[in-house]
Colleague: 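Questions regarding the structure given below will be posed in turn.
Sequence lines set the chain letters: A, B, ... in the order given, protein chains first and strands last, and positions in each chain run from 1.
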Amino acid sequence: MTPETLAEKVLSATRAAFADLGLDATALPTETAVERPRNPEHGDYASTIALQVAKKVGTNPRALAQGIADQLASVDGVAGVDIAGPGFLNITLDAAAAGAIAEQIVAAGTAYGYNESMKGAHVNLEFVSANPTGPVHAGGTRWAAVGDALARVMRASGAKVASEYYFNDAGSQVDRFANSLLARAKGEPTPEDGYGGGYVDEIAAEVLTRHPDALESDDPQEVFRTAGVELMFEQIKTTLADFGTHFDVYFNEKELHDKGELDAALERLSKLGHVFEADGATWLRTTEFGDDKDRVLKKSDGSWTYFAADCAYYLDKRERGFDKLVLMLGADHHGYVGRMQAISRAYGDEPGTLEILIGQMVNLLRDGKPVRMSKRMGTVVTLNDIVEAIGVDATRYALTRYSADSSIDLDIDLWTKHGNDNPVYYVQYAHARISGVLRNATELGIDKGDTYDASLLSHPRENDLLKALAEFPAVVASAAELREPHRIARYAEDLAGAYHRFYNDCRVLPYPGEALTETGRARLWLVDATRVVLANALGLLGVSAPERM
RNA sequence: GCGCCAGUAGCUCAGCUGGAUAGAGCACCGGACUUCUAAUCCGACGGUCGCAGGUUCGAAUCCUGCCUGGCGCGCCA
């Protein structure tokens, strides 16, 4: 029996108890959940429903709990129900009901964990979106890992998701980048407001390779701008692809300008009455929608602001049919939230249409000291640097196992030197151990058969493992709904721990000279189910599930 | 000054949509390899959940104020 099924049984038992006691059934929630108690004395699952609703109907929680327990006791698969404390319901499943989940998981395979908590949502998820003026840096690396994991988690929850990367290729930063390239190509020092770092020299050299006469052309700056940005695009895309982060759409800001979408956006906002002229500039009255100051769309010199492009881009996304726009930004951009939300409201969208997720910064430490980073000096730590130091799996895992609300201190030396301390190995090792068992089983000619006696999975370690496995779909659903993919990593560690403990206490394969027992066969199902879930969980994080380590 | 995030074991962090005795990894100490991978497991140690109030059967979790740290408050992008 799955926790979801049990929760439904609890709810219907509560409904029945209400009827028996003559209570007002409208006080009941439409759904409930059961918890997995830490203390084994509290049963396999616990419900607090009696505590939650007793007050509403003015009845004694313990008495209500008793009524629910009486109903639950007769449910098939429930071995016992205890009432504890102020009215907790502690439910114990019989081993057969608990053990049946292994078969369901194996049957579902890669689909296990899929749920429909976001069914029907059409989501545009934008993340990374760094300027094409340099390689993806440490912060961008975090979003590349977290955003990609979130996209996978939402898809696993039934949402239709397009992951998107926005290239700001139309702004003055790109001009500075072009100036820097040109200067370096001529052998001149980097301009005062330019970009430094070895990659600038490399790009400049590559531009010259592709366009040998670039410096002699009519407009060298333009040649370097176009070719340089193009090369930077390629490099960023390759880097992200190698990192396992896929984007469905790479969107160029330039496209908005070329198609006249900024004018269209301005016109639309004007018609809606949210635009005004002041000091020679054109403004959007964002303060009407909660922003702390109004924002300029078109400067007094007639040029567009970056914000105007944001408006056009927002509208573009909406017109592409997305009903939910999720935008991941670094904490250094959280000041944008107010104006971005104002755009959404100015166009008349409901609150919640645009959802902005703010992720805190990644600090890099070397020898326990912060690495000073400067874009101008070119001392930025890039995605490639981190991957080179600790590998793709460790990087993705290290960046996705923490809440995005927390800043990360990533100690390069620690992750390099003490690789074994990395929790990703703990999880991957569990998967490798399982693969080993299954490999050995094959070599021994052992087949787990078409079915097994689930009641034989009665060891406490087996019980714990089964409960952990059963939790996965709910974890995926909550990770999607809360936009918190780190829950998947934490769950994977929890599951890996349950497996390691099981493995330690429960022999699966027969010892030499002995035959496979029925218990061993049931355990093979359990092991295979664990393999499926670990692989699925790691898959949601974009981390590999190795068969050998 | 205003806003966002954080403050939980020596360290790094989970837990926060109110639930039972607050958890994990690392570090340190002591155990378990003739046995499916010891990259594992078991035990011990370790806490005024930043501080002070409030809400209630119950608060790390919700509310208010304060303290500390990070980030941000352009007709820059």
Colleague: Expressed as a whole number of Å, how far does the P atom of B/G47 sit from that of B/C2?
Modeller: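 Taking atom P in both B/G47 and B/C2, they lie 37 Å apart.
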
Colleague: Over all strands shown, is A/R548 touching base, sugar-phosphate only, or nothing at heavy-atom distances under 4.0 angstrom?
Modeller: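 Base contact - A/R548 has a heavy atom under 4.0 Å of at least one base atom.
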
Colleague: Does a side-chain N or O from A/N440 land closer than 4.0 Å to OP1 or OP2 of B/U37, or not?
Modeller: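 Answer is yes, contact under 4.0 Å.
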
Colleague: Any chance the rings of A/F472 and A/Y491 have centres within less than 6.0 Å?
Modeller: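 Judged by ring-centre distance (under 6.0 Å), A/F472 and A/Y491 do meet the cut-off.
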
Colleague: Does A/I488 offer a backbone N or O that forms a donor-acceptor pair with the side chain of A/R401 under 3.5 Å?
Modeller: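 Here the side-chain-to-backbone pair does not exist.
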
Colleague: Starting at the 5' end of RNA chain B and moving along, which residue's nearest nucleotide shows up first, A/E484 or A/F307?
Modeller: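 In this pair, the answer is A/E484.
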
Colleague: For the C1' atoms, the ones on B/G25 and on B/A14, what distance do you get once it is rounded to whole angstrom?
Modeller: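 These two C1' atoms come out 10 Å apart once rounded.
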
Colleague: Taking atom P in both B/A52 and B/C67, compute the distance separating them and give it to the nearest angstrom.
Modeller: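 Per the computed distance, 15 Å lies between those P atoms.
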
Colleague: With heavy atoms under 4.0 Å as the rule, sort A/D279 into base, sugar-phosphate or nothing.
Modeller: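 If one applies the 4.0 Å heavy-atom cut-off, A/D279 turns out to touch a base.
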
Colleague: I need the CZ-C1' distance between A/R490 and B/A14, as an integer number of Å.
Modeller: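 One finds 5 Å between C1' of B/A14 and CZ of A/R490, rounded.
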
Colleague: Answer yes or no: does a side-chain N or O of A/Y425 lie under 4.0 Å from OP1 or OP2 of B/A39?
Modeller: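 It does not, given that no N or O in the side chain of A/Y425 lies less than 4.0 Å from OP1 or OP2 of B/A39.
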
Colleague: Under 4.0 Å between a side-chain nitrogen and a carboxylate oxygen: does that hold for A/R345 and A/E288?
Modeller: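 Answer for the salt bridge query: no.
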
Colleague: Give the rounded distance in Å between these two atoms: CD of A/Q341 and P of B/C73.
Modeller: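 That distance rounds to 18 Å.
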
Colleague: Within the structure, does a side-chain N or O atom of A/R433 lie under 4.0 Å from either OP1 or OP2 of B/A38?
Modeller: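 Answer is yes, contact under 4.0 Å.
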
Colleague: Heavy atoms under 4.0 Å, any strand shown: does A/H486 hit a base, just sugar-phosphate, or nothing?
Modeller: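 The answer is sugar-phosphate, as A/H486 gets under 4.0 Å only of primed atoms, P, OP1 or OP2.
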
Colleague: Just checking, is any N or O donor in the side chain of A/T282 or A/E277 under 3.5 Å from an acceptor N or O on the other one?
Modeller: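 Yes - a donor-acceptor pair under 3.5 Å links their side chains.
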
Colleague: Applying a 4.0 Å non-hydrogen cut-off, can you work out what A/S300 is touching in the nucleic acid: base, sugar-phosphate, or nothing?
Modeller: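 Answer is base: heavy atoms of A/S300 come under 4.0 Å of a base.
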
Colleague: Write down the distance separating the P atoms in B/G70 and B/U12, rounded off to the nearest Å.
Modeller: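 That atom pair is separated by 15 Å.
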
Colleague: From CD1 of A/I408 over to C1' of B/C71, roughly how many Å is that when rounded to an integer?
Modeller: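 Computing the A/I408:CD1 to B/C71:C1' distance gives 15 Å.
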
Colleague: Paired with B/C2 by Watson-Crick or G-U wobble geometry, both distances under 3.5 Å: which nucleotide is it?
Modeller: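 Check on B/C2: paired to B/G72, both distances under 3.5 Å.
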
Colleague: Give the rounded distance in Å between these two atoms: CG of A/L51 and P of B/G18.
Modeller: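 That distance rounds to 13 Å.
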
Colleague: Let's test this: given Watson-Crick or G-U wobble pairing with both distances under 3.5 Å, identify the partner of B/G23.
Modeller: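 Pairing partner, where one exists within any strand: B/C13.
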
Colleague: Under a 4.0 Å N-O cut-off, is there an ion pair linking A/D528 with A/K448?
Modeller: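 Yes, this pair counts.
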
Colleague: What nucleotide among B/C36, B/C75, B/A20 has an atom nearest to a side-chain atom of A/A281?
Modeller: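 Nearest nucleotide to the side chain: B/C75.
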
Colleague: Do A/R295 and A/D291 sit within salt-bridge range, that is, some charged N less than 4.0 Å from a carboxylate O?
Modeller: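 Yes, A/R295 and A/D291 are salt-bridged.
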
Colleague: What integer distance in Å separates A/H500:NE2 from B/C33:C1'?
Modeller: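 Roughly 16 Å, once rounded to whole Å.
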
Colleague: State the pairing partner of B/G43; accept Watson-Crick or G-U wobble contacts with both distances under 3.5 Å, and report none otherwise.
Modeller: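 Check on B/G43: paired to B/C29, both distances under 3.5 Å.
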
Colleague: Identify whether any heavy atom of A/E547 sits under 4.0 Å from a base atom; if not, whether one sits that close to sugar-phosphate; answer base, sugar-phosphate or nothing.
Modeller: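 A/E547: base contact, heavy atoms under 4.0 Å.
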
Colleague: Taking syn as any angle within 90 degrees of 0 and anti as the rest, which one fits B/C71?
Modeller: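 This nucleotide is in anti.
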
Colleague: Can you tell me which nucleotide in B/C42, B/A38, B/C76 comes closest to the side chain of A/Y503?
Modeller: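 Nearest nucleotide to the side chain: B/A38.
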
Colleague: Hunt down the Watson-Crick or G-U wobble partner of B/A60, both distances under 3.5 Å, from any strand shown, or write none.
Modeller: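 Base-paired to nothing in any strand shown.
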
Colleague: Can you check the distance between B/G23 and B/A9, where both ends of the measurement are the P atom (answer in whole Å)?
Modeller: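 Nearest-Å result for B/G23 against B/A9 at atom P: 14 Å.
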
Colleague: From B/C41, B/C13, B/C75, pick the nucleotide closest to the side chain of A/W283?
Modeller: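 Of the options given, the side chain of A/W283 lies nearest B/C75.
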
Colleague: May I ask whether A/H42 stacks on the base of B/A20, given the cut-offs of 5.5 Å between ring centres and 30° between planes?
Modeller: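 So yes, this residue stacks on that base, both cut-offs being met.
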
Colleague: Show, in sequence, the C-alpha distance, side-chain angles and deciding distance for A/F502 and A/Y499, and conclude whether the ring-ring contact (aromatic ring centres under 6.0 Å, His included) test is met.
Modeller: CA-CA 5 Å; A/F502 156 80; A/Y499 180 75; 5.7 Å; yes

Colleague: In whole Å, what is the span from the CZ atom of A/R507 to the P atom of B/C33?
Modeller: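 The answer, rounded to whole Å, is 16 Å.
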
Colleague: Phosphate oxygens OP1/OP2 of B/G74: is one of them under 4.0 Å from a side-chain N or O of A/K299?
Modeller: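 A/K299 to B/G74 OP1/OP2: no side-chain N or O under 4.0 Å.
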
Colleague: Does a nitrogen or oxygen in the side chain of A/S407 sit under 4.0 Å from OP1 or OP2 of B/C13?
Modeller: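 Negative; the distance criterion is not met.
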
Colleague: Is the aromatic ring of A/F88 within stacking range of B/A20, meaning centres under 5.5 angstrom and planes under 30 degrees?
Modeller: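 Taking the rule of under 5.5 Å and under 30°, the ring of A/F88 does stack on B/A20.
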
Colleague: Determine whether the side chains of A/H459 and A/R523 contain a donor N or O and an acceptor N or O closer than 3.5 Å.
Modeller: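 The criterion, which ignores hydrogens and geometry beyond distance, is not satisfied for A/R523 and A/H459.
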
Colleague: Measure CD1/A/I356 against P/B/G72 and give the value in whole Å, please.
Modeller: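 It works out to 17 Å between those atoms.
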
Colleague: Could you check A/R461 against A/L482 and say which one's nearest nucleotide on RNA chain B is further toward the 5' end?
Modeller: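 The answer here is A/L482.
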
Colleague: Using atom P of each nucleotide, how far apart are B/A6 and B/U17 to the nearest Å?
Modeller: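 B/A6 and B/U17 have their P atoms separated by 13 Å.
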
Colleague: According to the Watson-Crick and G-U wobble definitions, with both distances under 3.5 Å, which nucleotide is paired to B/G7?
Modeller: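 Checking every strand shown, B/G7 finds its partner in B/C67, with both distances under 3.5 Å.
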
Colleague: State whether A/Y402 places a side-chain N or O below 4.0 Å from either non-bridging phosphate oxygen (OP1 or OP2) of B/A24.
Modeller: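 No, outside the criterion.
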
